[in-house]
Q: 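Sharing a structure below in structure tokens format, with a few things to ask.
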Amino acid sequence: MRFGLRLAFAGLVLALLTGCGMQGSWSVMRMVPENLTEFEIGQMTLKGDGKFEASYNRGGATVSAEGTYTYNEESKVLTFSMKDGKLRSYRAELCGKCQGIMYVWNEEGPKVWEVSFKRH
């Protein structure tokens, strides 16, 4: 029994240390189209406790945002709940298992735009 608990705990620690899942610090690698205005985040940190911090460039100034996020793996919907009460939802998925690449695109309809993030 104790061995099983130790093994389960070691597996949990390993999963947390390897950075699997959406949690982590991400920065934009590529935007399609390049002049994309529907998604402004340039860097974001998705924390294990469901909180996020993000920064983006608006009018030449760096703006910060924070709040909470949820990710529905089945529907692939990433939702940000900003501190000001606004909700923003996007489709998102990781490239393979723990590859360190995340794709984000418009929530509804066919894919119109896409942003590629790299974990760092």
Side-chain angles (χ1 to χ4, degrees):
M1 177 73 171
R2 284 186 180 176
F3 178 76
L5 287 174
R6 286 183 184 165
L7 188 58
F9 179 75
L12 175 63
V13 169
L14 182 62
L16 291 173
L17 291 176
T18 58
C20 295
M22 292 286 180
Q23 295 86 16
S25 294
W26 300 89
S27 54
V28 169
M29 289 183 357
R30 182 174 62 111
M31 292 182 155
V32 177
E34 288 183 23
N35 60 348
L36 180 65
T37 59
E38 292 87 352
F39 189 87
E40 299 177 304
I41 294 175
Q43 294 185 3
M44 64 182 169
T45 300
L46 304 177
K47 300 178 181 179
D49 63 0
K51 294 181 182 177
F52 81 90
E53 296 173 350
S55 63
Y56 53 94
N57 190 337
R58 181 175 286 162
T62 300
V63 180
S64 296
E66 58 184 54
T68 58
Y69 76 95
T70 57
Y71 180 66
N72 183 316
E73 195 167 344
E74 186 176 318
S75 63
K76 298 181 179 177
V77 174
L78 177 63
T79 301
F80 295 102
S81 178
M82 312 299 236
K83 277 201 164 184
D84 63 8
K86 293 180 183 175
L87 292 176
R88 291 188 174 79
S89 294
Y90 308 97
R91 300 287 299 259
E93 68 181 340
L94 295 175
C95 180
K97 286 196 171 230
C98 299
Q99 294 296 317
I101 306 291
M102 179 179 14
Y103 299 105
V104 177
W105 65 95
N106 50 291
E107 180 185 16
E108 297 187 13
K111 193 181 287 187
V112 175
W113 57 266
E114 179 180 88
V115 178
S116 303
F117 283 89
K118 178 148 183 78
R119 188 189 320 258
H120 53 91

Q: Residues two or more places apart in sequence or in another chain: which of them pass side chain to side chain contact (heavy atoms under 4.5 Å, CB included) with Ser75?
A: Asn72, Val77
Q: Tabulate below the donor-acceptor pairs under 3.5 Å that side-chain atoms of residues 100-110 make, not counting sequence neighbours, or state none.
A:
from   : atom 1 : to     : atom 2 : distance (Å)
Asn106 : OD1    : Val112 : N      : 2.7
Asn106 : OD1    : Trp113 : N      : 3.3
Asn106 : ND2    : Glu108 : O      : 2.9
Asn106 : ND2    : Pro110 : O      : 2.8

Q: Could you note down all residue pairs passing ring pair (Phe, Tyr, Trp, His ring centres under 6.0 Å) where residues 51-77 supplies at least one of them, sequence neighbours left out?
A: Phe52-Phe80
Q: Can you tell me how far CG of Leu46 sits from CZ of Phe117, rounded to the nearest 0.5 angstrom?
A: 8.5 Å
Q: Quick one: OG on Ser89 to CG on Leu78, what's the gap to the nearest 0.5 Å?
A: 8.0 Å
Q: Mind checking side-chain hydrogen bond (donor to acceptor under 3.5 Å, both in side chains) for Thr68 and listing every partner two or more places apart, or none if nothing turns up?
A: none
Q: Name all pairs fulfilling the salt bridge (charged side-chain N to carboxylate O under 4.0 Å, His left out) condition that reach into residues 66-75, sequence neighbours left out, sorted by first residue then second.
A: Glu66-Lys83
Q: I need the full list of salt bridge (charged side-chain N to carboxylate O under 4.0 Å, His left out) pairs touching residues 26-43, with sequence neighbours left out, sorted by first then second residue.
A: Arg30-Glu114, Glu40-Arg58
Q: Counting only heavy atoms not in Lys111 (residues, nucleotides, ligands), do more than 12 fall under 6.0 Å from its NZ?
A: yes
Q: Return the NZ to CD distance between Lys76 and Glu93, rounded to the nearest 0.5 Å.
A: 4.0 Å
Q: Quick check for you: to the nearest 0.5 Å, what is the distance between Ser27 atom OG and Arg119 atom CZ?
A: 11.5 Å
Q: Drop me the distance from Ser81's OG to Lys86's NZ, to the nearest 0.5 angstrom.
A: 12.0 Å
